[in-house]
Amino acid sequence: MDRIKLISMFLCVCVGSMFMVECGDPYIFFEWHVTYGTVSPLGVPVKGILINNEFPGPNINSTTNNNVVVNVFNNLDEPFLITWHGIQQRKNSWQDGVLGTNCPIPPGTNYTYHFQVKDQIGSYMYYPVTSMHKAVGGFGGLRINSRAMIPVPYDPPADDYTLMIGDWFNKGHTELKKILDSGRNLGRADGVHINGKVAKGDGKDEPLFSMEAGKTYRYRICNAGLKTSLNFRFQGHTMKLVEMEGSHTVQNDYESLDVHVGQCYTVLVTADKEPRDYYVVVSSRFTKRESTAMGIIRYMNGKGGPSSDIPKPPIGWAWSLNQFRTFRWNLTASAARPNPQGSYKYGGINITRTITLANTAEKVDGKLRYAINGVSFVEPTTPLKLVEYYGVADKVFKYNNIPDEPPAEISKVALESIVLNMTHKSFVEIIFENRETALQSWHVDGYAFFAVAVEIGKWSPEKRMNYNLLDAVSRHTIQVFPHSWAAILISLDNCGMWNIRSEIWDRHYLGQQLYISLLSPNRSVRDEYNLPDDVMTCGVVEGMPRPPPFSS
Ligand SMILES: *[C@@H]1O[C@H](CO)[C@@H](O)[C@H](O)[C@H]1NC(C)=O
Ligand SMILES: *[C@@H]1O[C@H](CO)[C@@H](O)[C@H](O)[C@H]1NC(C)=O
Ligand SMILES: *[C@@H]1O[C@H](CO)[C@@H](O)[C@H](O)[C@H]1NC(C)=O
Ligand SMILES: *[C@@H]1O[C@H](CO)[C@@H](O)[C@H](O)[C@H]1NC(C)=O
Ligand SMILES: *[C@@H]1O[C@H](CO)[C@@H](O)[C@H](O)[C@H]1NC(C)=O
Ligand SMILES: *[C@@H]1O[C@H](CO)[C@@H](O)[C@H](O)[C@H]1NC(C)=O
């Protein structure tokens with residue numbers, strides 16, 4: 001924590017539109033220096049990406065409605081950009097930090113993100129979106145605590161621990177990028193890690209965290225890896241699931257949890273066993289060869305190392321589907337809800353548009369690409385949001401360039417930036433149709449959605465009968481099993497340009513993503529903030545006069 005400049009919270013001085021954040025709520029400030037540095041989670045040195053010399057990067061500890069200001073210095077020799085995964089950036093896609101909304105930070109310069117964690121609670125993460133940087137670091141945890149006056153549906157834990165887990169390749173990001181650019185598959189990861197480490201089990205491992213006998217601890221677990229679903233478990237202890245991607249859940253106990261790429265869970269673990277060391281265990285799922293990583297959790301004043309009896313992961317993906325079905329939103333828990341009026345009784349709202357997104361793997365000019373409804377996304381040379389705001393969208397992309405329903409057979413794949421034009425305040429159903437044998441993980445920026453069904457086979461309108469229209473968890477990332485589908489319902493009340501992407505990072509890099517555009521009908525700052533004064537410009541909008549600001 002040494003070089004994190006965390007200036008203590010103070011009340012905001014209102015500075016008009018400059019910071020694009022709400023006044024009156026406390027500010028927290030961070031200064032981050034992004035550098036290369038050697039990391040070796042699996043014992044093989046790799047050129048990694050550090051933030052303030054830390055790998056994984058520092059945790060952001062915030063409280064609902066805090067204004068977060070992060071001044072990021074890019075000391076790499078290539079452009080860099082971070083996204084705040086799951087942070088809804090209400091009215092403020094300017095701060096989302098993806099290449100469709102923001103120009104990357106040029107090497108040797110700095111850029112300051114200003115955003116508010118408005119009406120959110122829970123466990124989140126951040127990670128880089130440029131190049132294949134995410135493969136080698138630059139990721140970390142972001143927690144949002146409930147405000148003091150909001151009751152939390154469990155007793156305050158003795159401490160709060162973050163575990164970033166993920167698969168790992170013993171190759172630098174440049175080499176991984178080269179493989180993908182040349183149209184090849186990344187292949188299998190070399191292993192998995194827990195907070196950038198793997199315990200050797202030789203009795204000399206440093207513990208990740210400590211617990212005091214009799215006390216209960218909160219663990220926040222996020223899969224920050226590239227492509228592998230992971231099973232997470234504690235030796236000898238069950239986990240009580242209390243929160244998932246921003247929603248308090250019904251508090252079931254689990255022996256283990258499947259964490260797909262891009263997903264985060266919060267669990268409670270009580271130190272009620274014989275005081276000694278225990279392993280936390282992470283294993284790859286759905287891979288031909290299983291990789292496992294362990295970390296040590298130490299009981300304070302405990303005696304002895306961990307038992308060599310390692311709990312086994314489940315087998316097959318039906319287990320994972322069944323586990324998904326046990327997740328329920330706790331409807332009586334009070335918490336900040338993103339859109340309390342619209343979403344609480346989401347089952348009674350009429351669907352205004354249904355969009356089916358089918359992923360396929362294709363060869364284009366002999367090179368591997370991933371497509372959605374027949375189009376493989378290419379990153380725009382100027383962020384989509386910027387060209388839209390400057391009124392020059394037609395120079396960079398066409399709206400609605402994929403159909404709402406995928407063709408039955410996808411023969412020819414186009415390479416374009418995909419943007420779907422959506423209507424503000426509509427209520428949309430999105431079906432993720434997985435025609436492939438690989439598991440998918442889909443994420444939506446700017447929103448939480450209701451994951452109402454995940455099923456095997458092909459979707460049809462009759463399947464709506466099976467939707468959970470009562471207590472589906474409001475979340476931001478959903479897995480889709482092989483030859484299966486997932487349905488989400490989403491209330492489109494947040495204007496901006498928002499990324500819908502595969503969290504499977506080689507797929508994301510090779511085209512499995514798109515944007516939805518929601519314009520403020522009145523061009524009003526009540527719906528969307530103006531272009532921030534200090535936003536970076538690049539590409540075709542470089543040097544263009546700034547459009548007049550929106551009205552109030
Ligand atoms: C995180 O913030 C909360 C609320 O301000 C505080 O109680 C807690 O001690 C902080 N935790 C850490 C690790 O800084
Ligand atoms: C870069 O950092 C300096 C020093 O902290 C700060 O004054 C400036 O506003 C930052 N620039 C941007 C674009 O964030
Ligand atoms: C849901 O939240 C309520 C209110 O905080 C709590 O009393 C209850 O135990 C929770 N229910 C479940 C099933 O977790
Ligand atoms: C939803 O649609 C039904 C059938 O078209 C209609 O009767 C009902 O009034 C609509 N409900 C709302 C809340 O708009
Ligand atoms: C977006 O769609 C709406 C109707 O759904 C239409 O009125 C509007 O002109 C479209 N905007 C763009 C930029 O295509
Ligand atoms: C937009 O303008 C219409 C018509 O003037 C008005 O009814 C509506 O409330 C306005 N919406 C917003 C969000 O300002």
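Order of appearance sets the numbers: ligands from 1, and atoms from 1 within every ligand.
- Aromatic rings from Phe234 and Tyr279 are positioned such that their centres are separated by 6.0 Å or more.
- Atoms of ligand 2 lying under 4.0 Å from any heavy atom of Tyr111, numbered from 1 in the order shown and given with element: 14 (O).
- Ion pairing between Asp160 and Arg220 holds under the 4.0 Å rule for side-chain N and carboxylate O.
- The closest approach between any non-hydrogen atom of Asp534 and ligand 2 is not below 4.0 Å.
- Under a 4.0 Å N-O distance rule, the pair Glu429/Arg464 qualifies as a salt bridge.
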**Request:** Apply ring pair (Phe, Tyr, Trp, His ring centres under 6.0 Å) to the pair Phe432 and Trp485, showing each step before the final yes or no.
**Result:** CA-CA 5 Å; Phe432 295 111; Trp485 53 272; over 10 Å; no
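- With salt bridges taken as basic N to acidic carboxylate O contacts below 4.0 Å, one links Arg353 and Asp404.
- Only side-chain heavy atoms of Phe73 come within less than 4.0 Å of ligand 2; its backbone N, CA, C and O stay farther off.
- In this structure, atom 14 (O) of ligand 4 has a protein heavy-atom contact shorter than 4.0 Å.
- One finds the CG atom of Asp445 at 7.5 Å from the OH atom of Tyr515 (value rounded to the nearest 0.5 Å).
- Below 3.5 Å of separation, one finds no N or O of Glu31 facing any N or O of ligand 2.
- Remark: among candidates Ile105, Asn110, Thr112, the nearest residue to atom 11 (N) of ligand 2 is Asn110, based on non-hydrogen atoms.
- When hydrogens are left out, the protein atom nearest atom 8 (C) of ligand 4 is Asn350 ND2, 3.7 Å; that is the closest non-hydrogen contact.
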